[in-house]
Chemist: 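Quick one: the structure is below, and I'll ask about it shortly.
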Protein chains: 2
Amino acid sequence: MLEALEASDGFLSAQQLHATLREQGQRVGLATVYNRLRILADTHQVDVLRTESGEALYRRCGAQGHHHHLRCRRCGSVQEVESAEVEAWAHSLAKKAGFSDISHTIEITGLCEKCHG
Amino acid sequence: MLEALEASDGFLSAQQLHATLREQGQRVGLATVYNRLRILADTHQVDVLRTESGEALYRRCGAQGHHHHLRCRRCGSVQEVESAEVEAWAHSLAKKAGFSDISHTIEITGLCEKCHG
DNA sequence: CAGATAATGAGAACGGTTACAATTTGGTAT
DNA sequence: ATACCAAATTGTAACCGTTCTCATTATCTG
Ligand SMILES: [Mn+2]
Ligand SMILES: [Mn+2]
Ligand SMILES: [Zn+2]
Ligand SMILES: [Zn+2]
C-alpha cells in the first residue's frame with residue numbers, strides 16, 4: 001500500500017488508491033484503504049491535503065519532517081517546499097496574538113511547465 | 001444574508017448560517033443558502049476555507065484584497081493576516097519552478113488566549 | 001489443533017453538498 | 001386589475017466521499 005503511494009508522483013485520493021491496488025490484482029476493500037490511510041496520516045507517514053471540493057488526497061512524502069507543497073492543479077505533480085523564514089513568521093505571528101498549540105498549512109498551486117497552455 | 005455573516009466574528013458553515021437565519025425568523029431554504037454562498041464565494045465577497053473534516057466554512061472578511069487567516073481551532077475566532085514578504089516568497093518560488101497561474105493558501109491555526117486551557 | 005484475538009471488507013449509514021422540478025415572486029404589457 | 005413571462009426560491013431526492021457495522025477471515029498462542 002505504501003509502495004503504491006510511493007509509485008505515484010502526485011497525490012492520490014483514497015478511491016484512486018483503491019482502484020490502483022485492485023488493478024494490480026490485490027484484493028483489498030475500500031474500507032481497509034480508508035482505515036490504513038487514516039493510520040498512516042495519524043502517524044505522519046503520509047501527508048493529507050484537501051481539494052477545493054473537499055476530497056482528501058494522500059501522498060507519501062520524500063521529506064520526513066514538516067514541509068509544504070508546490071502542486072500542479074492539472075496533473076497533480078508535487079514538489080516539496082520549505083522555508084525557515086516562513087515557518088518563523090507563521091509561528092511568531094500566532095504567538096504574538098496569544099495563540100498556543102500553533103500549526104499552519106501552506107499550499108502553493110499553479111500550472112506546471114508541462115501543463116501550461 | 002451578508003449581514004448575518006458579518007454579525008458573526010468567525011467562520012460559519014452553510015448549515016450554521018441557515019440555522020441562524022431561521023432563528024431570526026427569515027424563511028429561507030437551505031438550497032438558497034448554498035446557492036447564494038456559492039455566488040458570494042465566486043465573486044470573492046466571502047472567503048471559504050475547509051475544515052479538517054472537509055466541511056466548507058464561510059466568512060465575510062474585513063480586508064477586501066488577498067489575505068490569510070489566523071484562526072482558533074476551538075472557538076473559530078479569526079484575525080486577518082498578511083505579509084508582503086511571504087506573498088513574494090510563494091510567488092517567486094513557484095515562478096522559479098516554471099509554474100504559471102500561481103495561487104496559494106496559508107492558514108495559521110491554534111488555540112486563542114481565551115480557549116487555551 | 002483449539003481457542004482467543006486481531007484484521008479485513010461488503011454493504012449500510014452518514015453528512016455535507018448539489019441537482020431538479022415545482023412553486024413562488026416580481027416585473028411588464030395589456 | 002389581470003394575464004403573462006422570467007427569474008428566484010424551495011423542499012426533496014440524488015450524489016459522493018467517508019465512516020460504521022458486524023460477519024467473515026486471517027493470525028497468533030499455547
Ligand atoms: Mn510532501
Ligand atoms: Mn479574511
Ligand atoms: Zn502539471
Ligand atoms: Zn478560541
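Computed over heavy atoms, backbone and side chain alike; hydrogens, waters and symmetry mates excluded. Protein chains get the first letters and strands the later ones, always in sequence-line order, with residue 1 at the start of each.
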Chemist: Let me know the distance between CG of A:Leu37 and P of C:dG9, rounded to the nearest Å.
Modeler: 13 Å
Chemist: Which whole-number value in Å describes the distance from B:Leu21 CG to D:dT9 P?
Modeler: 13 Å
Chemist: Between C:dT17 atom P and A:Glu52 atom CD, what is the distance in whole Å?
Modeler: 14 Å
Chemist: Taking all heavy atoms of B:Cys112 and all of B:Cys72, pick out the closest pair and write down the distance.
Modeler: N-SG, 3.4 Å
Chemist: Roughly how far, to the nearest 0.5 Å, is the CG atom of A:Leu111 from the CD atom of A:Glu113?
Modeler: 11.5 Å
Chemist: Given C:dT8, is OP1 or OP2 found less than 4.0 Å from the side-chain N or O atoms of A:Arg27?
Modeler: no
Chemist: Looking only at heavy atoms, which two atoms of B:Asp101 and A:Arg73 are closest? And how far apart?
Modeler: O-NH2, 2.5 Å
Chemist: On DNA chain C, nearest-nucleotide positions of B:Ala31 versus A:Leu30: which is more 5'?
Modeler: A:Leu30
Chemist: What is the distance, to the nearest angstrom, from the CG atom on A:Leu17 to the C1' atom on C:dG9?
Modeler: 15 Å
Chemist: May I ask you to verify if any side-chain N or O of B:Tyr34 is less than 4.0 angstrom from the OP1 or OP2 atom of C:dT18?
Modeler: no
Chemist: Could you give the NE2-to-C1' distance, from B:His18 to C:dG16, as a whole number of Å?
Modeler: 14 Å
Chemist: Does the pair B:Glu80/B:Arg59 count as a salt bridge with the N-to-O cut at 4.0 Å?
Modeler: yes
Chemist: Expressed as a whole number of angstroms, how long is the span from A:Ile39:CD1 to C:dA6:P?
Modeler: 14 Å
Chemist: Look at all strands and tell whether A:Asn35 reaches a base, only sugar-phosphate, or nothing, counting heavy atoms closer than 4.0 Å.
Modeler: nothing
Chemist: Look at the side-chain N and O atoms of B:Gln15 and state whether any lies under 4.0 Å from the OP1 or OP2 oxygen of C:dG16.
Modeler: yes
Chemist: So, A:Ser53 versus A:Glu55: side-chain donor-acceptor pair below 3.5 Å or not?
Modeler: no
Chemist: Please tell me which of the listed nucleotides, D:dT10, D:dT18, C:dA19, lies nearest to the side chain of A:Ala14?
Modeler: D:dT18
Chemist: What integer distance in Å separates B:Gln26:CD from C:dT24:P?
Modeler: 20 Å
Chemist: What integer distance in Å separates A:Glu55:CD from C:dG16:P?
Modeler: 18 Å
